[in-house]
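What follows is one structure encoded as structure tokens, with my remarks underneath.
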Amino acid sequence: GKLLHNCHAKFPSAAFDVVAGDLVDRGKYRDDWDTFFEAAKGIYDRWPIVPVLGNHDYSSKPVPEMYLKIFTLPENGPKDFPKEYDYTFRYSNALFIVLDANQDATKQAAWLEEQLKQGADAKWKFVTYHQPAYASKSTRDNADVRKVWGALFDKYHVDVALQGHDHASLRTPPMKAEKKAGSFADGTVYV
């Protein structure tokens, strides 16, 4: 909670917070969720949160029951996919796409590509998900996320991919085709 409060003190005009999954340790326990919101008192009762499903947020696969009870999220994700797992929205001149990396990346790829095509006019494109395309340790690699979604990020120039899962700080240079790109205009930064 202290880090969150410090961030909001430094950036009070933030419109919302994006949390790339693992909001809680044990998704099926209401106590964990109550602790999450208590630690964010004065923040999440005033600012919107853009939650992303992390592996810990699932109560038990395949359904993150408590997460779905607590949050009311856009139901504009893939047609043949559970509602509120993936969603998208625009804020000002930016497109935001939320994906569930706990699920098969290929099952979300067509919808992701459709959103990126429709959002081609957005000045900024942000995609957020939990398990990283580029991990802080090789043992936490998610090649399917990098190959399936990363190829679409390259094709439609996603500016920033916000990742979670590793509980470590990582920021890549702009990446394209799994290599360092020449500039920010040519690649995606993975954070």
Side-chain angles (χ1 to χ4, degrees), residues 14-23 49-58 61-62 64 73-74 76-82 84-191:
F16 52 84
D17 292 341
V18 176
V19 181
D22 284 356
L23 286 79
I49 180 174
V50 176
V52 177
L53 274 164
N55 55 301
H56 287 270
D57 303 318
Y58 274 81
K61 279 198 170 183
L73 301 169
N76 58 2
K79 191 164 88 173
D80 297 326
F81 205 71
E84 301 180 88
Y85 287 41
D86 292 4
Y87 57 96
T88 185
F89 66 95
R90 286 209 180 219
Y91 181 78
S92 187
N93 59 358
L95 172 69
F96 288 84
I97 300 172
V98 174
L99 298 166
D100 183 2
N102 299 282
Q103 305 291 329
D104 185 343
T106 58
K107 290 182 178 179
Q108 300 163 78
W111 177 81
L112 171 60
E113 183 164 21
E114 180 184 319
Q115 300 315 302
L116 290 169
K117 275 184 194 174
Q118 290 176 3
D121 63 324
K123 180 174 172 84
W124 298 97
K125 295 179 199 78
F126 298 90
V127 179
T128 184
Y129 48 90
H130 188 61
Q131 288 82 349
Y134 291 93
S136 61
K137 290 174 68 175
S138 61
T139 56
R140 295 178 71 83
D141 183 52
N142 297 283
D144 58 334
V145 169
R146 185 175 56 257
K147 292 182 184 315
V148 175
W149 294 346
L152 293 171
F153 297 173
D154 293 347
K155 184 176 179 180
Y156 295 98
H157 184 61
V158 168
D159 296 286
V160 179
L162 300 168
Q163 314 174 121
H165 196 56
D166 277 1
H167 302 243
S169 181
L170 174 136
R171 178 181 170 196
T172 68
M175 303 293 289
K176 185 166 188 171
E178 300 187 42
K179 292 182 172 58
K180 185 176 177 181
S183 72
F184 289 105
D186 298 324
T188 300
V189 174
Y190 294 79
V191 180

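- The aromatic rings of Phe96 and Phe89 sit parallel to each other, their planes meeting at less than 30°, with 60° as the upper class boundary.
- For the pair Asp121/Arg90, a side-chain contact is recorded, criterion being any heavy-atom separation below 4.5 Å from C-beta on.
- At least one side-chain heavy atom of Pro51 sits under 4.5 Å from a side-chain heavy atom of Leu73.
- Looking only at side-chain heavy atoms (C-beta outward), His165 and Tyr129 stay at 4.5 Å or farther from each other.
- Between Pro64 and Leu53, the closest heavy-atom pair is CB-CD2, 3.6 Å.
- Ring geometry, Phe81 versus Tyr85: the interplanar angle exceeds 60°, so the pair is classed perpendicular (tilted spans 30 to 60°).
- Annotation: Phe126 is not in aromatic contact with Tyr91 [ring centroid separation under 6.0 Å not met].
- When all heavy atoms of Val50 and Val98 are compared, the pair lying nearest together is CG1-CG2, 3.9 Å.
- Looking at Leu170 and Pro132, their side chains never come closer than 4.5 Å, going by heavy atoms from C-beta outward.
- Closest heavy-atom contact between Lys125 and Leu116: CD-CD2, 4.1 Å.
- Closest non-hydrogen pair, Glu178 versus Tyr134, comes out as CA-OH, 3.1 Å.
- Heavy-atom minimum distance, Phe153 versus Tyr190: CD1-OH, 3.4 Å.
- Residues Val148 and Gln108 have side chains not in contact (no heavy-atom distance under 4.5 Å, counting atoms from C-beta outward).
- With respect to His130, the side chain to side chain donor-acceptor pair (under 3.5 Å) criterion is satisfied by exactly one of Asp57, Asp100, Asp22: Asp22.
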